[in-house]
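To keep things clear, I will list the structure first and then write my remarks on it.
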Amino acid sequence: MRTISDGGALLGALGAETPAPAPAHPTVRPRLPLPWVWAGALFLLYAAVAVRRHQLLRTTGYDLGIFEQAIRAYSQLRAPVVPLRGEGFNLLGDHFHPALVVFAPLYRLWPSPLCLLVAQSALLALAVVPLARWALRVLGRRAAHVVALGYGASWGIASAAAFDFHEVVLAVPLLAFALEALGRQRWRHAVARSAPLLLIKEDLGLTLAAIGAYIAWKGSRRLGVTTAAAGLLGSLIEIKLLLPAFNPGGSYAHGGNLGEGAHSSLLATLAFAPLDALRPDIKAMTLILVFAPSALLALRSPLALLAVPTLGWRMLSQNGFHWGTAFHYSAVLMPIVFAGLIDALAQWRRNDHPLGARHVRASLATVLAVTVVLLPSFPFAQLLHRATWHTTAHVDAARALLARIPDGATVAASNRLAPQLTSRCEVVIFPTFPVGGRLYEYRVKRLPPPTAEWIIHDRRAPDAWPYPTGHWPYSLGRQQAELASARREHGYEVVAVRDGVTLMRRS
């Protein structure tokens, strides 16, 4: 004879296959904590990609080295002065991210760039927990698996996990937990989980404002308006007051990205903004790809509007790096996209439409297909490349020469050699960059002479798939000329040359 608990278990199992309209409380209780299992699996995936890239010299001084120098300073109870960013440059004058201090205790225990890469992998993986939990509650177990896989393998997360370390990884799980709270109409929880965005990056105050506007629209008007005002005011204070105060130049370092550009005046810039947001074509492609992991279904949810602040500044930026799918810029959008997907599909459940179950199944199948189709074009596919698991003679040669540089030395290093040294040396980029603390200026007629005790330069550009392979910040010809000048004019002597890697020391 079945007991009441047996009947509940049977109903729960049936609900996992054909979910009923969303109840007020969870009814699906899997034996295993599905969201946390997915978080563990994704953490291993992200860490494998990130750590292996670093071992193959594919990480960079810009950006892993910069963030390591800042967090290293925090761990030693110093201001985040970053030599890679410029002499005496306080990194709080570049982007406003005091929340980075949370990594300092961990880095103190494990002073290595791998500490930051592993921590980043854990944070990106953690974001799957609230998304999968929400999907499990309102759509069932199979849907939760699709959402977890879709988020975990999405190109926005893949691009962030496979490109160094960035402060926005702190925002990814916070947004995911806040979005889950919005989906459950727990407005205060949503505000509490999203408020720290103000301490992660100056533009994320606009996302906080968007969350406030959503709450004012759907729930508590007073709480929503207060949150929106706090987000807008916070970003304004950071951009207009705090960042210029920390910046040696007394201005917002990235203000030029939103300048007048090709137009003759600010008025013309505003008038052409709608068109400029879609030109060149790469912008329109990125806008489509942002929502593609949800099979565009996220656009049916009002939660998709929370992506507008990030997409807005990126599409209107004069910096071409912001327009595409590479790097870390889309990581904060992926929780929004999959929260929108869950919300859109849950509406079919709540409406009890006769074709609702069929529509949800077809939608999830489409999401799964899109995930599989996009996967080979983005970084996670490199785990299947034989070259990823093969350490070349060039990498061995570079590591052998890096090992000859003593701890505590001052070093001018090629961009992809810099993060191999930032945990134990004071490192700048060779040839000198940026000049005078000014980013994005590559056509400097005369570079300042090197002043570091050591120079280590790699004339070979390691494979950086899926990102462009090449030399940065200057052409190989100019780098070679500066290397010869260091020897001829500035008193450096060659210590060793191996497989294109040159190690020099000032005599």
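Below, each value reflects all heavy atoms present in this structure, side chains not excepted, and no hydrogens, waters or symmetry copies.
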For Val428, give me all partners under side chain to side chain contact (heavy atoms under 4.5 Å, CB included), at least two apart in sequence or on another chain.
Pro83, Ala412
Side chain to side chain contact (heavy atoms under 4.5 Å, CB included), that's the test. Do Glu68 and Phe165 meet it? Break it down for me.
CA-CA 9 Å; Glu68 184 177 6; Phe165 171 92; over 6 Å; no
CZ-CD1 distance between Phe96 and Ile200, expressed to the nearest 0.5 angstrom
11.5 Å
What's the separation between atom OG in Ser507 and atom CZ in Arg487, rounded to the nearest 0.5 Å?
11.0 Å
If you compare all heavy atoms of Asp458 against all heavy atoms of Ser414, which two are closest, and at what distance to 0.1 Å?
N-OG, 2.9 Å
Side chain to side chain contact (heavy atoms under 4.5 Å, CB included) against Leu375, all qualifying residues, sequence neighbours excluded:
Ala153, Phe380
What residues form a salt bridge (charged side-chain N to carboxylate O under 4.0 Å, His left out) with Arg58, not counting sequence neighbours?
Asp463
Measuring from Ile429:CD1 to Arg416:CZ, what's the distance to the nearest 0.5 Å?
10.5 Å
For Asp63, check salt bridge (charged side-chain N to carboxylate O under 4.0 Å, His left out) against everything at least two apart and list the hits.
none
By ring pair (Phe, Tyr, Trp, His ring centres under 6.0 Å) - contacts of Trp155 (at least two apart)
Phe378
For Arg52, all residues meeting salt bridge (charged side-chain N to carboxylate O under 4.0 Å, His left out), sequence neighbours excluded
none
Taking the side chain as every heavy atom from C-beta outward, state whether Phe430 and Leu417 have any atom pair closer than 4.5 Å.
no
Within the distance-only criterion (no hydrogens, no angle test), does the side chain of Arg108 pair as donor or acceptor with the backbone N or O of Ser75 below 3.5 angstrom?
yes
Donor-acceptor contacts, no H, no angles, side chain residues 326-339, under 3.5 Å, sequence neighbours left out:
| from | atom 1 | to | atom 2 | distance (Å) |
| --- | --- | --- | --- | --- |
| His328 | ND1 | His166 | NE2 | 3.3 |
| Ser330 | OG | Arg314 | NH1 | 2.9 |

Mind checking what makes side chain to side chain contact (heavy atoms under 4.5 Å, CB included) contact with Ala461, not counting sequence neighbours?
Thr469, His471
For Ile237, check side chain to side chain contact (heavy atoms under 4.5 Å, CB included) against everything at least two apart and list the hits.
Leu233, Leu241, Leu242
Candidate pair Leu179 and Leu306, rule side chain to side chain contact (heavy atoms under 4.5 Å, CB included), full reasoning
CA-CA 10 Å; Leu179 287 160; Leu306 302 184; 3.5 Å; yes
Of all heavy-atom pairs linking Gln479 and Pro431, the shortest is CG-CD, 3.6 Å
Rounding to 0.5 Å, atoms CZ (Phe246) and CG (Asp94) come to a distance of 13.0 Å
Which pairs would a plain distance check flag for residues 396-408, meaning a side-chain donor or acceptor within less than 3.5 Å of a matching protein atom at least two apart in sequence or in another chain?
| from | atom 1 | to | atom 2 | distance (Å) |
| --- | --- | --- | --- | --- |
| Arg399 | NH1 | Gln420 | OE1 | 3.0 |
| Arg399 | NH2 | His54 | O | 3.3 |
| Arg399 | NH2 | Gln55 | O | 3.0 |
| Arg399 | NH2 | Gln420 | OE1 | 3.3 |
| Asp407 | OD1 | Arg424 | NH1 | 2.9 |

Take atom CZ of Phe321 as the centre, draw a 6.0 Å sphere, and report whether it contains more than 12 heavy atoms from other residues, nucleotides or ligands.
no
May I ask you to decide if Gly61's main-chain N or O and Asn415's side chain share a donor-acceptor pair within less than 3.5 Å?
yes
Is it true that a side-chain atom of Thr60 and a backbone atom of Tyr62 form a donor plus acceptor pair closer than 3.5 Å?
yes
Salt bridge (Lys or Arg N to Asp or Glu O under 4.0 Å) partners of residues 232-255, not counting sequence neighbours, each pair once:
none
Take a 6.0 Å sphere around CH2 of Trp36 and say whether it holds more than 12 heavy atoms from other residues, nucleotides or ligands.
no
When the ring planes of His254 and His95 are compared, do they come out parallel, tilted or perpendicular, using 30° and 60° as the limits?
parallel
Tyr151 side chain reached by Val172 side chain, heavy atoms, under 4.5 Å:
yes
For Ser317 and Trp323 the tightest heavy-atom approach is O-NE1, 3.0 Å
Donor-acceptor pair, distance only, cut-off 3.5 Å: does the side chain of Ser485 make one with the backbone of Ala481?
no
Between Glu426 and Ala452, is there a donor-acceptor pair closer than 3.5 Å when you use the side chain of the first and the backbone of the second?
no
Looking only at heavy atoms, the pair that brings Leu198 and Gly205 closest together is CD2-CA, 3.6 Å
Taking all non-hydrogen atoms of both residues, which atom of Ile66 and which atom of Arg85 are closest, and how far apart?
CD1-CD, 4.5 Å
Assess whether side chain to side chain contact (heavy atoms under 4.5 Å, CB included) is satisfied between Phe103 and Leu170, documenting all intermediate values.
CA-CA 10 Å; Phe103 295 103; Leu170 286 166; 3.8 Å; yes
Is Pro309 close to Asp203 at the side-chain level, that is, under 4.5 Å between some pair of heavy atoms?
no
Heavy atoms from other residues, nucleotides or ligands near CD of Glu87 exceed 12 (cutoff 6.0 Å):
no
Judged by atom type as modelled, is there a donor-acceptor pair below 3.5 Å linking the side chain of Trp38 to the main-chain atoms of Ala125?
no
Heavy-atom check, side chain of Leu106 versus side chain of Ile71, under 4.5 Å:
no
Is the shortest side-chain heavy-atom distance between Phe163 and Thr59 below 4.5 Å?
no
Would you say that Leu287 contacts Val290 through its side chain, given a criterion of any heavy-atom pair below 4.5 Å between the two side chains?
no
Using a 3.5 Å distance criterion without hydrogens, assess whether the side chain of Arg72 forms a donor-acceptor pair with backbone atoms of Thr422.
yes
Under the 3.5 angstrom rule, does the side chain of Gln69 hit a backbone N or O of Val427 as a donor-acceptor pair?
yes
Can you check whether Gly152's main-chain N or O pairs, donor with acceptor, with Tyr46's side chain at less than 3.5 Å?
yes
With Asp499, which residues qualify under salt bridge (charged side-chain N to carboxylate O under 4.0 Å, His left out), at least two apart?
Arg460
So, taking the atom named OH in Tyr442 and the one named CH2 in Trp472, what distance separates them when rounded to the nearest 0.5 Å?
5.5 Å
Does Leu100 reach the side chain of Pro80, with side-chain heavy atoms less than 4.5 Å apart?
no
Compare every heavy atom of Leu92 with every heavy atom of Pro98, then report the nearest pair and how far apart it is.
N-CD2, 3.8 Å
For Arg53 and Val49: C-alpha separation, side-chain torsions, deciding distance, then whether side chain to side chain contact (heavy atoms under 4.5 Å, CB included) applies.
CA-CA 6 Å; Arg53 286 186 74 253; Val49 172; 4.2 Å; yes
Arg505 bridged to Glu453 by N-O distance under 4.0 Å
yes
May I ask you to test the Leu175-Ile211 pair for a side-chain heavy-atom distance under 4.5 Å?
yes
Whether Ser159 side chain and Gly156 backbone form a donor-acceptor pair below 3.5 Å
no
Any side-chain donor near an acceptor of the partner, Glu202 and Tyr252, under 3.5 Å
yes
